[in-house]
Every structure is written in C-alpha cells, then in structure tokens.
Amino acid sequence: MPRRLAGPPAGPHGEDFSFVSPLVKYLLFFFNLLFWMISMVMVAVGIYARLMKHAEAAMACLAVDPAILLIVVGILMFLITFCGCIGSLRENICLLQTFSICLTLVFLLQLAAGVLGFVFSDKARGKVSEIINNAVVHYRDDLDLQNLIDYGQKEFSCCGGISYKDWSQNMYFNCTADNPSRERCSVPYSCCLHAADQAVINTMCGQGMQAMNYLEASEFIYTNGCIDKLVNWIHSNLFLLGGIALGLAIPQLVGILLSQILSNQIKDQIKLQLYNQQHRADPWN
C-alpha cells in the first residue's frame with residue numbers, strides 16, 4: 001500500500017524564502033521618493049511663479065516662460081517617479097516596467113539630443129539664436145524672463161543676440177524715430193560696464209546706447225552679442241558639461257537597473273509561489 005505523505009514536499013526553497021531582496025526594493029523606493037519630492041517642489045514653485053504674473057503678460061510669452069518649463073518637467077518627473085515609488089513598494093511589475101520604459105525613453109532622448117546638437121551644430125546655433133531673439137522681444141513681458149536675461153548678460157559680459165543693437169527688436173528699446181518709449185535706443189542696465197567699487201547700480205546707464213557706434217558704445221556697455229559668448233563658453237567647458245550630463249545619466253541608469261532587477265526577482269517569486277501552491281494541492285507528486 002502506498003504511503004501517504006505527511007505534507008507537501010519541500011521545493012527548491014523553503015516556504016519562507018523570498019527572491020525579492022529588501023535591499024533592492026527599499027533602495028529603489030527611497031531613490032524614487034527623493035525625486036518624487038523634488039518634482040512636487042518644482043511643480044509648486046512653477047505654479048507659484050505663474051500665479052504671481054499678470055494673466056495677459058503670462059500668455060504673451062508662453063513659449064519662453066521658465067515657470068511653464070518648470071511645471072512641465074516637474075509633472076513628468078512626478079508621474080515617472082510615482083510609478084517607480086509605488087511599483088517598488090507594492091512589488092507591482094506593471095508599474096515597474098512602466099517606470100523602466102519611461103526612464104529609458106528619457107535617457108535615449110537626452111542622448112539623441114546631445115548627438116544631434118553636436119552633429120548639427122550649425123542648426124543648433126540657429127535654434128539658440130531664435131530662442132535668444134524671442135527672449136529679447138518679450139523682455140518686458142515676463143519678470144522671470146527679464147531676470148534670466150539680465151543674469152546671462154552680466155555673467156557672459158554680453159548684450160543682445162548678435163550685438164547690442166539687437167535690442168531694437170524689443171518694442172520698448174526700438175530705435176526708430178516714431179517710438180514714444182522713454183527707453184528708445186537704450187539697452188538694459190545688465191549690458192553696462194560697472195566699476196568694481198560701484199555700490200549703487202545706475203539702471204539708466206544704457207540710455208541711448210544704440211544710437212552710438214560700436215567704438216563709442218564699448219566705453220559704456222558690452223557690445224558683443226551673447227550667442228558667440230555662449231558658444232565660446234560651451235567649447236571651453238566641454239568637460240564640465242560632460243560631467244553634468246554624466247551626473248544626470250547615472251541616476252537614470254541606476255533607476256533602470258534597480259527596476260529590472262526587482263522585476264526579475266518578483267517574477268521568480270511568483271513562479272515559486274505557483275510551484276508551492278501546485279504541490280500543496282497535489283501532495284502525491
């Protein structure tokens with residue numbers, strides 16, 4: 001007479017064994033939680049900056065509004081890290097795969113943008129020129145954009161896109177005779193040369209500078225445009241930019257790697273559970 005087994009036979013692992021590593025699980029969770037919180041701060045700052053502007057001015061320069069860029073990037077980061085955060089905590093393969101795919105797409109898009117920018121440098125320069133000229137046109141429409149341009153002109157010691165005369169593209173600084181603006185033929189104060197010991201900034205120092213020739217204006221303001229200065233800075237700081245790009249890529253690659261490891265561990269755990277259930281249901285095998 002065959003002997004009945006007292007219980008299900010032991011599988012390749014014990015009943016309490018789990019393929020899912022707590023280290024991988026919670027490392028991925030806290031990794032995503034950190035960037036999830038950062039994304040919420042970005043969205044909050046972007047919304048606050050947007051609400052602080054007049055509606056008419058905000059709509060006028062929607063395409064060049066830093067607040068909109070901050071909100072869009074923050075929302076995308078929030079959605080991606082949400083999938084990674086909840087997927088790792090709940091051991092949900094679908095969310096983990098969504099997180100991994102989205103992060104891979106972002107990484108590939110960044111890589112493609114870098115390669116295309118290097119290969120088609122002339123077209124990239126033209127696009128940068130277009131963005132800077134558009135920013136010049138909307139200089140007075142957006143306080144955030146205005147502060148960004150002023151910061152850039154002071155840091156790069158430049159004025160306008162190609163030259164200081166590009167400020168005629170702005171309706172307030174336009175140098176035509178029929179312009180009634182008090183800033184006609186002027187440039188922003190951030191174009192001005194400042195003495196090191198100057199305590200008070202003269203915001204009217206750019207008055208009438210566009211009416212002067214390059215030699216005369218160079219005694220008071222920066223006459224070189226920001227496009228050439230920016231291109232030269234990029235060429236001089238390729239290692240720095242490469243380090244920044246690497247710093248952005250490493251967290252993405254770590255997130256992809258951890259999500260794939262955890263997904264495979266969860267799949268192995270599911271197979272183990274099915275194996276144990278099968279042998280509990282049929283103890284004779």
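Values below: every heavy atom of this structure, side chains too, minus hydrogens, waters and symmetry copies. Bear in mind that the values here come from a model prediction, so they are computed numbers and not experimental data.
Note: Leu246 CG to Leu241 CG = 12.5 Å, rounded to the nearest 0.5 Å. Between atom OG of residue Ser88 and atom CZ of residue Phe31 there is a gap of 11.0 Å, rounded to the nearest 0.5 Å.
A side-chain contact (heavy atoms from CB on, under 4.5 Å) with Gln269 is found for one member of Gln273, Lys271, Lys267 and no other, namely Gln273. Partner of Trp36 under the ring-ring contact (aromatic ring centres under 6.0 Å, His included) criterion, out of Phe78, Phe29, Phe99: Phe78 alone.
A disulfide bridge does not connect Cys83 to Cys102: their SG atoms sit 2.5 Å or farther from one another. Not less than 2.5 angstrom separates the SG atom of Cys191 from that of Cys158. Cysteines Cys226 and Cys159 are not disulfide-linked, with SG atoms at least 2.5 angstrom from each other.
Within 6.0 Å of the OH atom in Tyr214, the count of heavy atoms belonging to other residues, nucleotides or ligands exceeds 12. The number of heavy atoms from other shown groups lying within 6.0 Å of CZ (Phe82) does not exceed 12.
In this structure the side chain of Leu96 reaches within 4.5 angstrom of the side chain of Leu28, judged on heavy atoms. The shortest distance between side-chain heavy atoms of Asn170 and Asn174 does not fall below 4.5 Å.
For Glu91 against Val20, the heavy-atom pair with the smallest separation is OE2-CG1, 3.7 Å.
Under the 30°/60° scheme for interplanar angles, the aromatic rings of Phe30 and Tyr26 are found to be tilted. Ring geometry, Tyr189 versus His194: the interplanar angle falls from 30° to 60°, so the pair is classed tilted.
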Worked verdict on Tyr172 versus Trp167 for ring-ring contact (aromatic ring centres under 6.0 Å, His included): CA-CA 9 Å; Tyr172 297 98; Trp167 281 102; over 10 Å; no
